[in-house]
Amino acid sequence: MKEALLARLVLGLGVAPETATQRDWFQATAVTLREILVERWHETNRRVHEEGLKQVSYLSMEFLLARDLENALMSTGLLGECRQALAECGVDLNDLLGLEATPALGNGGLGRLAACFMDSMACLGLPAIGYGIRYEFGMFRQEIADGWQVERPDDWLSDSNPWEMLRPERQYLIRLGGRVEHHGERASWIDTENLFAIAYDTLVPGHGHSAVDTLRLWSAKPVQAMDLAAFNRGDYAQALAPRVRAKTVVRVLYPDDSTLEGRELRLRQEHFFVSASIQDIIRRFREDYDDWALLPQKAAIHLNDTHPALAPAEFMRQLVDEHEVEWNAAWDLATAIFSYTNHTLMPEALEVWPSEMMARLLPRHLQIIEEINQRFLSGLRELHGENQDRDGEVSLITGGDHPQINMGRMSVLASRKVNGVSKLHSRLVREQLFPQFASIYPDRFDNVTNGITPRRWLAQANHALSALIDEKIGSTWRSDLARLSQLEAFSTDVDFCARLRDIKQANKLALANLIHDRLGVHVDPASMFDVQVKRIHEYKRQLLNLIGVVARWNAIRAEPEKDWVPRTVVMAGKAASAYHMAKLIIKLAHDIGRRINADPLTSDRLKLVFLPDYNVSLAERIIPAADLSEQISLAGTEASGTGNMKLALNGAVTIGTADGANVEIAEAVGPDDIFIFGMTVEEVAALRASGTYSSREIYRTNHRLQEAIDQIGAGEFNSDPACFWPIVDSLLDGNDHFLLLADFDSYWTAQARVDHAWRDPSAWSTKAARNISGSGIFSSDRSIRDYVERIWQAELLSP
Ligand code: 26Q
């Protein structure tokens, strides 16, 4: 290992050991590991090819990866050897781990899920490729100025990325715009604007399996490197214009605004990566087979939400127009290979594209979608007769004078299987979002509850807890998380619980130090660490948490001599740049924190800190230190959540609503070891339907709530009283769309139950232990097995 590292450093990077920086050593170590993985990767590809296995293509606009060095070391089993070799060169491996950039090619849950899934696919030996975009700038870095979020570009490629490999032979022509000439069923798409997609591959190693899968991210290249005429005229800026134009499409990840006005660049991005991926999938298939009928045995294509939902139309275009496959045969193939996961029910987040924009950028795709729609609707009429109402509820094209393409319906119609991401959410997908489709195609709808990779979220993020678990039940939980159930037997063991507490304490001390370093705030590691970390969104109700904090502050001040449970409330998360209300919530968190953290009467018992720039690396430090996990979205709004799983797995106890996967966490850990509060989905629906909800009425009658809201509106936390009026307005005059006030009382009493439970440390540790032992089913390995069996019907490579 030492020789390999030195060879990389000296020969590969051209750096002498005496002058090598830490960064050089990081680079040398990473490249050494990549070379080891490359051999396993070739072997995987050879076996897939020789055994003729089905390959799963996972299409996702986002892969929220993370630092990879420790992961690569763990998967190869070379961690110890490498640490030793580096030590002999005078280098501490731990110092190198922190130097790696954190790639943030995703917004949040959906992107991180894709990254966990890639890990699990490799661990199970599933032949798979993840397809996405190699954004030059990922999710923005969040800075805070006077409590306000400020976005800074995430220039993650400024240090070279040792994990990726350019594949010049995987290059495809991408077309946009132009016009269409018809020849019967087929058409030619001409006078287009052209660019190339080029592939960068990143290796995804399995742990406990020799397989190495591929993450293939597309970058862009102009068809012509330069405008030579301009160059010869001496107009160098103009000469480079084609390059700049082509590159624009991969420049930046769109932050999730959850309001989808027509953003043309986003549509260009979606088409760009879909077209390249479908070309690549077809090319791989055609290299081995010439009978199209074999395609469904050899390929499955998965749509991670509707962001890649142009794929079925692009597939039809390539087969019908370019490969001369007859329409019906092509459509039968499409509906045999595509599947679709829905991740949201929020109406404003469901993708639709104006036909007008589609006609301009993708005229042939628009025609194909119209054709698919017509055939579908007329098929329905033949079977069930004319029905305008039904047609309106299933048509791919809606909206009269300003027609729009409904990408969710497109995805359902083109897919063999459609799934939601938790039991509750999948039911709502069937009953609320696509009820007509569910009655036409009842077998198409399924559930696959999300999961998280235990390699990153336990083995890597929480070394001490992992070691304790290894000692009690052995180390195989890393690839068989269900084994954690064996810990249940220790949940009342005095010694085990004491060690669990010590580990949590050490993790909290580390987080307290981080908080002090970054914010200059002292927090008490003995206090309860009460954590809410996730994107800032009204439906997630960070505001409910904040109002709760203000109310607690008031309660302590009213009875300062009472024996209060000390709490440190930790929040983190980014707001979409255009989402003003979310940004205002961040400002409010800061202003409340500043005021109460400085209150000498209460600050030994209540602190509120907001850690800036939440990303995977920060999550790996916060989650192992959490005692209490806040999962308090309005029932029916959070599709699943995955942070809830990460926190439970690390021994935090949940206070949460009956929403998303919280419901399944409650089933897994049992009602005594979770604090469920608030309205159910049915109660929310009934309250809305009754038309009687008045947030003002609740405000008027709940004194605690009234006081807190009044303080926020009256400038208790900000010298400018008007600053937070939009928040107060949305709660009292906007009639509180996410029903915070309706759930407040129940939240408050649940928090009192939490305090009560905390006072008995060994009983609390038992709850923590049962959260760990109950988390086995939330492995993304289990999710992927579900997909393999029920959705993709693929086979695994033997180990
Ligand atoms: C769409 C169009 C234009 C710009 C941005 C977007 C966009 C980007 C990202 C829309 C949505 C997203 C991300 C959604 C997301 O992360 N959803 C979460 O998915 C998780 C994994 O299934 C669930 O656990 C969460 O409940 C769900 O909110």
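Counting starts at 1 for both ligands and their atoms, in listed order. Index from 1, following the sequence.
One N or O on the side chain of Arg535 and one on the backbone of Lys574 form a donor-acceptor pair closer than 3.5 Å. Judged by distance alone, the side chain of Ser422 and the main-chain N or O of His425 form a donor-acceptor pair under 3.5 Å. Remark: side-chain polar atoms of Arg790 are paired, donor with acceptor, to backbone N or O of Asn447 under 3.5 angstrom. Judged by distance alone, with hydrogens and angles left aside, the side-chain atoms of Asn406 form no donor-acceptor pair with the main-chain N or O of Glu351 at under 3.5 Å.
For ligand 1, the atoms sitting less than 4.0 Å from at least one non-hydrogen atom of Arg263 are 3 (C), numbered in the order shown with element in parentheses. Interface atoms of ligand 1 facing Tyr539, defined by a heavy-atom separation under 4.0 Å, are 28 (O). Of all atoms in ligand 1, numbered sequentially from 1 with element shown, those under 4.0 Å from a heavy atom of Ala639 are 26 (O). Residue Asn107 approaches ligand 1 through these ligand atoms, each under 4.0 Å from one of its heavy atoms: 8 (C), 9 (C). Less than 4.0 angstrom separates some heavy atom of Glu62 from each of these atoms of ligand 1: 8 (C), 9 (C).
Remark: ligand 1 and Gly641 share an N or O pair separated by less than 3.5 Å (distance only, no angle test). Polar contact with ligand 1: absent for Leu113 (N/O pair, distance under 3.5 Å). For ligand 1, the polar-atom distance check finds an N/O of His343 within less than 3.5 Å of one of the ligand's N/O atoms. Taking only nitrogen or oxygen atoms, main chain and side chain alike, Arg266 does not reach within less than 3.5 Å of ligand 1. Residue contacts with ligand 1: Glu638 is placed with a nitrogen or oxygen under 3.5 Å of a nitrogen or oxygen of the ligand (distance criterion only). Between Gly111 and ligand 1, no pair of N/O atoms sits closer than 3.5 Å.
Screening residues 130-140 for salt bridge (charged side-chain N to carboxylate O under 4.0 Å, His left out), with sequence neighbours left out, gives Arg134-Glu164, Glu136-Arg251. Within the structure, every pair that satisfies the side chain to side chain donor-acceptor pair (under 3.5 Å) test and touches residues 648-657, not counting sequence neighbours, is listed here: Asn462-Asn650.
Residue contacts with ligand 1 include His307, since one of its heavy atoms falls under 4.0 Å from the ligand.
Residue Arg245 places its CZ atom among 12 or fewer non-hydrogen atoms of other residues, nucleotides or ligands, all under 6.0 Å distant.
Contacts between Asn450 and ligand 1 below 4.0 angstrom, taking non-hydrogen atoms only, involve the side chain exclusively.
Ion pair Lys540/Glu638 flagged as a salt bridge, since at least one NZ, NE, NH1 or NH2 atom sits closer than 4.0 Å to an Asp/Glu carboxylate oxygen. Salt-bridge check for Arg360 with Glu356: passed, with a basic side-chain N closer than 4.0 Å to an acidic carboxylate O.
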